[in-house]
Each structure stands twice: as structure tokens, then as C-alpha cells.
Amino acid sequence: MIVRGDEVKMIHLSEINTVIIDSTQVSLTSYLLCEFVKRKIKVIFCDEKRNPNSELVPYYGAYNSSKKIKKQIAWNEEYAQGVWTQIVCQKILNQANLLKKYKFDSYEKLSGYVREMEFFDSTNREGHAAKVYFNSLFGKGFSRDDMSSVNAALNYGYGILLSNFNKEIVADGYLTQLGIKHINEYNPFNLTCDLMEPFRVLVDEIVYNNIEKTFDKDFKLLLVDVLNSKVMYCGREYYLTNAIQIYLDKIFDAIEHESFDTSILYEFA
């Protein structure tokens, strides 16, 4: 039940995938929050500036979490690092595909970085590719460290993606804290940051196509709506939320059974 003044709306929980609490003035009952957790509905809380600030994460996402976590801890480290290397290669290829789609010649440079990629990206091709990529999309003076509306939009969109990945990783019974490349002790979502990389381009395209717009409520709704977009994955069309779920299942299975194939990666076109 949503109450705004005298207006009351009813929405069945089965119709909800993600809830974003966009204001610090919103009140929710503990009963509703518990129901969100039971139904695996992602809840994202925003700060006083209406930017994603935190999220609701259940203690137990799967009935066999203990078993899954033991497997995760026992992953073959070198093999997992090899899988991550292929994931970041696909991220750069997706960035190149976006640049090519919008007629930027610099896409060829990114393709070259993929060819130069070494195991576990020991020469930081990802970083070099990111500089060329963002400067192509948003101008040579652009930096991801700037306090700008473009960066605010990118961060907001990435936050939406990250939360959905967190939801599915926890639902699969794994720990988001235990990453492969990302191992920051202060980052509770290291594994998420490792695995979501090829999908970031979906947010980048929305921001690029709306770069002249003010970063307001309508812009945020466009970014949230990325979860409802349809994408091609493994030869079939899925809603993004479903594609993420299938992608993660395939990645976890590939790492555990050491049976990785690049065909399970998400390719932007």
C-alpha cells in the first residue's frame, strides 16, 4: 500500500523487482521490509541528495548458502583469475561496440587493447581503455573523478546495476565480499564489481543519449528502467534482470567446474 496524502495505491508484491526509496522522508513498516526480503525484492535507499546510499541484503539468500560459500572459498584462484580476464576483455569489447555504434573511430584502439590483454590484466589495459572510451563519449576534458552531472548519472546507473547483481549473487548463495580482482577490504561488493563489468555499457549508452538533459527525477527513472530493457544473451532475448540471473548462474558453474567458455559472456550490439 502506497499512501500519498489522500491518495492510496495498492501494488501486489509479485509485480515488484526493485524498490528505490528516493527520499529520506519515506516511512516503511518492518513487516513490509521483511516481506521484501522473503520475496527477494531488492530495496535501495537514497541519501538526502537522492543518490543510492545503501541497500537491504538478506542474511541467507539460498537454502544451501553454507555449501555455496565453501565452494566459493575453494575456487581455483588461477582459474577464477582467468575467467575474470575474459570478463574484462568482454567489457572492453562492449565499450568498443558502443563507440562503433555511434561512429567513433577510437573503437579500433579499444579492440587493440583487448588483443594486448595479458593474464589478470597485469598491464592495466582496462584502465587505458576506460580513458579512451570516456573521453570519446563525453569529451577529452572529461574525467571519472569530476563532480559533474554526467558522473552523477553514471554512478546512479551503475548503482542500480550493482544492486541487482548483489540481489542475484546473494540469492545464489554466494558472498559478494569475496572478489577475484576486486579485493578491497572496505568494499562489501567485490565479487559484484568483478562480474558486472560487461553490462556497464548499457548505462553508458543511456547517459550518452541524454547528455544534454538535467540530471533530475526523470533522468533517474530512465536509468532505473534499464532493468526493464530487453537484451540479447546467448542467442535469446531476455529482460535484463533475467539475463543477469542466467549469466551469473553460468559464470558460477563455469568457475566451479572449470569449464568456462566465452560464449556465456554478455555481448553488447
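Just so we're clear, the structure is a prediction, and the values are computed from it rather than from any experiment. Numbers for residues simply follow the sequence, beginning at 1.
Leu175 and Phe189 fall into different hydrophobic clusters, defined by Ile, Leu, Val, Met, Phe, Trp and Tyr side-chain heavy atoms under 4.5 Å apart, directly or through other members. The cluster map of Ile, Leu, Val, Met, Phe, Trp and Tyr, joined by side-chain heavy atoms under 4.5 Å apart, puts Val224 and Ile11 in different clusters. Met232 and Leu98 are members of different hydrophobic clusters when ILVMFWY side chains are connected at heavy-atom separations under 4.5 Å. Val170 and Leu178 are members of different hydrophobic clusters when ILVMFWY side chains are connected at heavy-atom separations under 4.5 Å. Hydrophobic clustering keeps Trp75 apart from Ile69 (ILVMFWY residues linked when any side-chain heavy atoms are closer than 4.5 Å, directly or through intermediates).
Judged by a 6.0 Å distance limit and a 45° cone about the ring axis, Lys220 is positioned over the six-membered ring of Phe215.
The shortest distance between side-chain heavy atoms of Cys193 and Leu162 falls below 4.5 Å. Using a 4.5 Å heavy-atom threshold, the side chains of Leu13 and Leu32 count as touching. The side-chain heavy atoms of Glu126 and Glu197, taken from C-beta on, include a pair separated by under 4.5 Å. Within the 4.5 Å cutoff, side-chain heavy atoms of Phe119 are placed close to those of Gln81. A heavy-atom distance below 4.5 Å is found between the side chains of Phe134 and Leu154. Between Glu118 and Thr85 there is no side-chain heavy-atom pair separated by less than 4.5 Å. In this structure, Arg125 and Leu110 have side chains that are not in contact, with every pair of non-hydrogen atoms separated by 4.5 Å or more. Using a 4.5 Å heavy-atom cutoff, the side chains of Asp146 and Ser143 are in contact.
No salt bridge links Lys40 with Glu168; every basic N to acidic carboxylate O contact stays at or beyond 4.0 Å. We find that Lys181 and Asp194 are not joined by a salt bridge, their nearest charged nitrogen and carboxylate oxygen being 4.0 Å or further apart.
Between the side chain of Asn97 and the main chain of Ala269, no donor-acceptor pair closer than 3.5 Å is present. Between the Asn242 side chain and the Tyr238 main chain, no donor and acceptor come within less than 3.5 Å of each other. Without hydrogens or angle criteria, Asp47 side chain to Arg50 main chain gives a donor-acceptor distance under 3.5 Å. Between the side chain of Asn64 and the main chain of Lys67, no donor-acceptor pair closer than 3.5 Å is present. Glu48 contributes no side-chain N or O that, together with a main-chain N or O of Thr24, makes up a donor-acceptor pair within less than 3.5 Å. Proximity of a side-chain donor or acceptor of Ser148 to a complementary backbone N or O of Asn151 within less than 3.5 Å is detected. Between the Asn76 side chain and the Glu78 main chain, a donor and an acceptor come within less than 3.5 Å of each other. A donor-acceptor contact shorter than 3.5 Å links the side chain of Asn190 to the backbone of Gln177. Looking at Asn210, its side chain never comes within 3.5 Å of a backbone N or O of Val207 through a donor-acceptor pair. His257 places no side-chain N or O within 3.5 Å of a backbone atom of Ser259 that could act as its donor or acceptor partner.
Here the CZ-CG distance, from Phe142 to Leu137, works out to 9.0 Å after rounding to the nearest 0.5 Å. The CD1 atom of Ile255 lies 12.0 Å from the CD atom of Glu77; values are rounded to the nearest 0.5 Å. Note that the OG1 atom of Thr18 and the CD1 atom of Ile41 stand 9.0 Å from one another [nearest 0.5 Å]. Here the NZ-CG distance, from Lys131 to Asn124, works out to 12.5 Å after rounding to the nearest 0.5 Å. Taking CD1 of Ile183 as the start and CG of Leu191 as the end, the distance is 13.0 Å to the nearest 0.5 Å. For the atom pair Leu227 CG and Lys42 NZ, the distance stands at 11.5 Å (nearest 0.5 Å).
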Q: Walk me through it: do Tyr133 and Val201 pass the test side-chain contact (heavy atoms from CB on, under 4.5 Å)?
A: CA-CA 11 Å; Tyr133 174 68; Val201 68; 3.8 Å; yes
Q: Might you work through the side-chain contact (heavy atoms from CB on, under 4.5 Å) test for Leu99 and Gln95, ending with a clear yes or no?
A: CA-CA 6 Å; Leu99 293 181; Gln95 292 174 334; 5.7 Å; no
Q) Does the side-chain contact (heavy atoms from CB on, under 4.5 Å) test come out yes or no for Thr123 and Glu116, once each step is laid out? A) CA-CA 9 Å; Thr123 57; Glu116 296 170 2; 5.9 Å; no
Q.
Applying side-chain contact (heavy atoms from CB on, under 4.5 Å) to Tyr156 and Val203, what does each step give before you reach the verdict?
A. CA-CA 9 Å; Tyr156 191 92; Val203 170; over 6 Å; no
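Shortest non-hydrogen contact noted between Phe260 and Ala254 is CA-CB, 3.7 Å. Residues Gly173 and Lys68 share a closest heavy-atom pair of O-CB, 3.3 Å. Between Ala171 and Ala62, the closest heavy-atom pair is O-CB, 3.4 Å. Between Gln90 and Pro198, the shortest heavy-atom contact is CG-CB, 4.3 Å. For the pair Ala96 and Ser111, the tightest heavy-atom approach, listed with the atom from each and the gap, is CB-OG, 4.1 Å. The minimum heavy-atom distance between Ala80 and Ile180, with the atom names listed, is O-CG2, 3.6 Å.
Remark: Glu237 CD is packed, more than 12 non-hydrogen atoms of other residues, nucleotides or ligands lying under 6.0 Å away. When the shell of 6.0 Å around OH of Tyr60 is examined, it contains 12 or fewer heavy atoms from other residues, nucleotides or ligands.
Residues Thr176 and Thr192 have side chains that never bring a donor and an acceptor to within less than 3.5 angstrom of each other. With 3.5 Å as the limit, one finds no donor-acceptor pair spanning the side chains of Lys167 and Asn164. Checking Gln245 against Asp249 by side-chain atom types alone, no donor-acceptor pair falls below 3.5 Å. Defined by atom type and a distance below 3.5 Å, a donor-acceptor pair is missing between the side-chain atoms of Asp216 and Thr214.
Aromatic ring orientation, Trp84 versus Phe120: perpendicular (interplanar angle above 60°, classes split at 30° and 60°).
Tested against Phe199, the residues Phe165, Tyr233, Phe268 include a single ring-ring contact (aromatic ring centres under 6.0 Å, His included) partner, Phe165.
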